[in-house]
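No experiment lies behind these values; they were computed from the predicted model shown.
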2 protein chains.
Amino acid sequence: MNKRLQQMAQNREKLIEAGRDAFARHGFAGASMEELTAAAGLTRGALYHNFGDKRGLLAAVVHQIDEAMATEAQAAAARYDDLWLRLLAEGEAYIEMAMRPEVQRIVLLDGPAVLGDPSRWPSQNACLQSTKQSVRQLIQEGIFRPVDVEAASRLLSGAALNAALYVAASSDPAATLPKAIESFRTMAEGFLVERPGGE
Amino acid sequence: MNKRLQQMAQNREKLIEAGRDAFARHGFAGASMEELTAAAGLTRGALYHNFGDKRGLLAAVVHQIDEAMATEAQAAAARYDDLWLRLLAEGEAYIEMAMRPEVQRIVLLDGPAVLGDPSRWPSQNACLQSTKQSVRQLIQEGIFRPVDVEAASRLLSGAALNAALYVAASSDPAATLPKAIESFRTMAEGFLVERPGGE
DNA sequence: TCAACTCACATACATCTTGCATATGAATTC
DNA sequence: GAATTCATATGCAAGATGTATGTGAGTTGA
């Protein structure tokens, strides 16, 4: 029973999936709602009913990707016990994820341009939240200098995403990746009370 | 003589000015070429002749702002003799400039989304160039750790712009600004061979 | 079980936008 | 001073979004 709710949820999912594909392939402005909905086996009617407008669909798509990224990054971080190493792993995970064209186009470029600053997104930018958590603990344990948690987290996660854009846009991403990660780590080390000796 | 070239240059300037205003006010997608050109006392004909298409105008506008920003940042940096202080001043200048709505909307949001990654822009992102110069010298003089110049510059200037977006989006920009600047400095200090003692 | 109703989705339409093709007229040139 | 060039204006076609309205499957209540 409740066949309608079930159908509706399924259609929402189809539209988000189609949107994800279309936005990644053509960018937000270049994606045609007509084509997009047709690809999902529906019409624009379904889209406007479910998401209000084109931006609404983008918001839903961004939210989905954003959460998946946070989950993935936390999984990468969870492999370490040391808080500091975890933060680094999280950052590097972001950098690697943001190399995916889909993430770049949708989350890093069109997302901010169309929806505004990420920190204002309803999803609260899940990536940012987990970074904040780590930073707070690091400061409590006296490993990080007592800077403002909000600002530090914001700049750290921003640096990771920025590094990713840089890597992805470079002519030789594979060669650039390690350099970007190294610089990211160097900048993150600025927050440490005691810098690690070698390397 | 050459009244035509003169007139044309003048019209280009008018269109860029009108574009700057319209893009800042309505965003790239929301700006109507019809209104924009009318505001400049011309029609879309002039625009398409001079800039090819809408993106062409945006590129011209971005180029203009980009160069102005670089000039301003270098002026701020020039007030210091110490290279390290100069880099900080440059970064802070970027942060403050990027708080201007016009810069945010056009250079930081729509620019990358429409024209692609800034480091690929014809203007070569003047901001980045001057940062690179500073970093290179700092490494040569042994003040900075020997990291990759390209990557470090990219992340540093990215961090500055990111900090600006963060400040501007915050509910109380005036209160957030110093925190953002502090975190930026802390991250930049990660590149130093010897961290300054106090503060 | 069946009639009434709800509502998710489809369809039709009005409006606006971009970019191109063509026209025009002032400025330059021979 | 006539011919020509070319920067700009004008007319037009294709396509996009968003809204208003229609429709039919699914749900509900007696």
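- We find that CE of A:M33 is positioned 18 Å from C1' of C:dA12, with the value rounded to whole Å.
- Under the 4.5 Å side-chain heavy-atom criterion for ILVMFWY residues, no single connected hydrophobic cluster contains both B:Y94 and A:Y166.
- Under the 4.0 Å criterion applied to side-chain N and carboxylate O atoms, B:R100 and B:E72 are assigned as salt-bridge partners.
- For the segment residues 8-31 of chain A, residues with any heavy atom less than 4.0 angstrom from an atom of DNA chain C are, sorted by number, A:M8, A:N11.
- Annotation: proximity of residues 34-52 of chain B to DNA chain C (heavy atom, distance under 4.0 Å) is found for B:R44, B:Y48, numbered in ascending order.
- Look at B:D82 and B:R86 and you find no salt bridge, because none of the NZ, NE, NH1 or NH2 atoms lies under 4.0 Å from a carboxylate O.
- Considering B:Q133, B:Q137, B:K132, B:Q140 in turn, B:K132 is the only one that fulfils the side-chain contact (heavy atoms from CB on, under 4.5 Å) rule with B:V149.
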* **A:Q64/A:E13 under side chain to side chain donor-acceptor pair (under 3.5 Å): CA gap, chis, key distance, verdict** => CA-CA 10 Å; A:Q64 194 191 63; A:E13 194 54 41; 3.2 Å; yes
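- Under the 4.5 Å side-chain heavy-atom criterion for ILVMFWY residues, no single connected hydrophobic cluster contains both A:L161 and A:M187.
- Ring geometry for A:F28 versus A:F23: interplanar angle of 30 to 60°, hence tilted.
- Using a 4.0 Å cut-off between a side-chain N of Lys or Arg and a carboxylate O of Asp or Glu, A:R44 and A:E34 qualify as a salt bridge.
- Atom CD of B:Q6 is separated from atom C1' of D:dC6 by 17 Å (rounded to the nearest Å).
- Atoms NZ (A:K54) and P (D:dG18) sit 8 Å apart, rounded to a whole Å.
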